[in-house]
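Computed from a prediction, not measured in an experiment: that's the story for all the values here.
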2 protein chains.
Amino acid sequence: MPSIKEVAQLANVSPATVSLVLNGKGNISPETRQRVMDVVHKLGYTRNVRARNLRDQQSRVIGYARANTRPEYNPILEQFTYYLVREIEKQDRHLLLFTSPDDSDVAPYADMIDGQHVDGFVLSYTVKNDVRFKFLHEANVPFVAFGRSLSPMDELVHWVDVDGRAGMFDATNHLIQKGHERIAIIAWDEESASGQEREEGYLLALQQAGITPRPDFTNRKLNGVENGYLGASQLMSLPNPPTAIVCVSDMIAAGVLRWSVMNHIQLGVVGFDDHPISQFTHPSLSSVRQPVERVAIRIAQLLAKQLDGEDVDGVCELIPPELVVRESSV
Amino acid sequence: MPSIKEVAQLANVSPATVSLVLNGKGNISPETRQRVMDVVHKLGYTRNVRARNLRDQQSRVIGYARANTRPEYNPILEQFTYYLVREIEKQDRHLLLFTSPDDSDVAPYADMIDGQHVDGFVLSYTVKNDVRFKFLHEANVPFVAFGRSLSPMDELVHWVDVDGRAGMFDATNHLIQKGHERIAIIAWDEESASGQEREEGYLLALQQAGITPRPDFTNRKLNGVENGYLGASQLMSLPNPPTAIVCVSDMIAAGVLRWSVMNHIQLGVVGFDDHPISQFTHPSLSSVRQPVERVAIRIAQLLAKQLDGEDVDGVCELIPPELVVRESSV
DNA sequence: TTGTACGCGTTATCAG
DNA sequence: CTGATAACGCGTACAA
């Protein structure tokens, strides 16, 4: 692996000159420039990124944690990660994956900072009062979150989120338009920031249609197909049961669908995420599609701004999702 | 961020001494050692990993590419990535994600090597005669592949794979035991190494049962639920159509299931991967479960061996998968 | 254009 | 036997 010194020797110039040529800086005569470039090509020289980063006191690496508390898999985050990497590479940065035993554990983040492995972070799976927001903000480490903490910290930090309230409002409203009046929801536990948003959209749509929400129509479950099945069976054994169910995720919705097919009871169902399999469940599942690519791109851009020192505090963006209507809600 | 120099000054020793203490090397008196450690703790000093890596000529980072030619998502690889990161962290290494326009494009790999971002690679989505094998082997860069190339290169490099032949043999044999005689397969294109293995298992099981394979019973599709649907409709319009279909992936199998439900035709179906949704399709899907965690752990270990210089050439491992029987094949 | 110092930790060499 | 000095890895910025 040739170094800048070898190039300098062969080109009869100083290492400094080579550096300037490589970076298009300084006043270098065309001949010298040419001579240097020739040697660079002949040797197949490529700059040692690590040396440069050491000097610049940066790593040009972004950290992104995968929590292991959620073995259920998440196609949204998988896509998100892909788009994120792609956008970050445009900035000549890279994405480093690390694990976190728990989303509310800041220790792995501290380790990454102390080891100076990363210049900043992307967070996902945010929860209410997410401790990472406070920790990273106080540590003065750049980061952008996919999702909010629904706390005052949201004013101070950078986040991009899908407007779950609008999405669930649309979903619920769509069912109302189809004639449903008894609409239930299967939501996550109250700790989930995104879950809470989606619930609010549901309630809002009911209110606007003059329907009084029934407390027993809110069923809380962890994510998962089996939990959707369970939730549906619980909701449908209520007196005066719902005729339609909105779900905070397609996994849950798939379980609801499964229950309705098994029990031969027609049910309006709308999910959330537009999971790849939604178009092929039976019946196919109406869902709220998250604009994952847009989110990833914006996050990468906001992070780059911070990293490049253009910081303005508290930039945030809410991106509206899109309702995709299929057989489960016609 | 305190440096080793500051620690040295406060402890009244030289930076070298601090380094020796930190690494438990050299002959340092207990008092000096204690004095240094006290200052280290007082300052909250952590070693600058980048400086160390520059000196050691390594990055302690493993590269892993995500190809963007396959927007369909893959829960197996998502899990795989997670387990991989976890195991690699035990080695004080990290996983760097990068994108590749195409699995058979080595340019992104070359870039990562030239930039000295990584010490080695993990490959997945291997294809027949995978060009990356040859390239990385010749470049003398350590790597371990999840999957083979079904070429002579397989003898020279390191790979770990799930025994798709055994898995598909079991799946097919299971259907034969259930009384099926006309069993078709929906496979991938012939470029896919893992796809070919699985086909062989299918053929093997038929042969062993004395069933002559029908060429028109092999249907090739790209992965995806919609393609499974299409494949099923094509196979089922053949004269003397199959009574059962094995599929190289659960995505494809889900499409087959969908077709069979829509057309009210009972069909034995077995998929491959044990996708999380398989237990909740209607009917639930029998599938071949990949031991992803074991694969990831072995890959990380084999890579570590190479990186630590214990190289032995051509270590490879075939790990048997497990058939999970559900409603679609009873 | 170039010499030189610097970023930071490690290790071989050398002095006490 | 203990610990300091200096060179090294490599690229970049500033003064000359």
Checklist entry - Which class fits the ring pair A:Phe98 and A:Tyr109: parallel under 30°, tilted 30 to 60°, perpendicular over 60°? => result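 The arrangement is perpendicular - the two ring planes meet at more than 60°.
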Between [X] and [N], is there a contact of a side-chain N or O with OP1 or OP2 at under 4.0 Å?
X	N	result
B:Tyr45	C:dG9	yes
B:Ser19	C:dT11	no
B:Arg52	C:dT10	yes

Checklist entry - Cut-off 3.5 Å, side chains only: do B:Gln116 and B:Ser59 have a donor facing an acceptor? => result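 Absent: no donor and acceptor within the cut-off.
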Next on the checklist: When you compare the side chains of B:Ser124 and B:Tyr64, does any donor N or O come within less than 3.5 Å of an acceptor on the partner?
Outcome noted: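 Yes - a donor-acceptor pair under 3.5 Å links their side chains.
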Item to check | Backbone N/O of A:Val61 and side chain of A:Arg93: donor-acceptor pair under 3.5 Å | outcome: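 Flag not set: sc A:Arg93 to bb A:Val61 has no pair under 3.5 Å.
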At 4.0 Å (heavy atoms only), tell me whether [X] reaches a base, stays on the sugar-phosphate, or touches nothing.
X	result
B:Leu54	base
A:Val18	nothing
A:Arg50	nothing
A:Leu20	base
A:Asn23	sugar-phosphate

What's the closest nucleotide to the [X] side chain, out of [options]?
X	options	value
A:Ala51	D:dG11, D:dG9, C:dT10	D:dG11
B:Ser3	D:dA4, C:dG9, C:dT2	C:dG9
A:Ser14	C:dT2, C:dG9, D:dT12	C:dT2
B:Asn48	D:dT12, C:dT2, C:dC8	C:dC8
B:Ala16	C:dT1, C:dT11, C:dG9	C:dT11
B:Arg55	D:dA13, D:dA7, C:dT2	D:dA7

Checklist entry - Is any side-chain heavy atom of A:Val85 less than 4.5 Å from a side-chain heavy atom of A:Tyr83? => result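 No, their side chains stay 4.5 Å or more apart.
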Item to check | d(NZ, A:Lys25; P, D:dG11) in whole Å | outcome: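 Spelled out: NZ on A:Lys25 to P on D:dG11 is 15 Å.
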Item to check | Between C1' of C:dG7 and CD of A:Gln57, the distance in whole Å | outcome: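 Distance check: A:Gln57 CD to C:dG7 C1' gives 6 Å.
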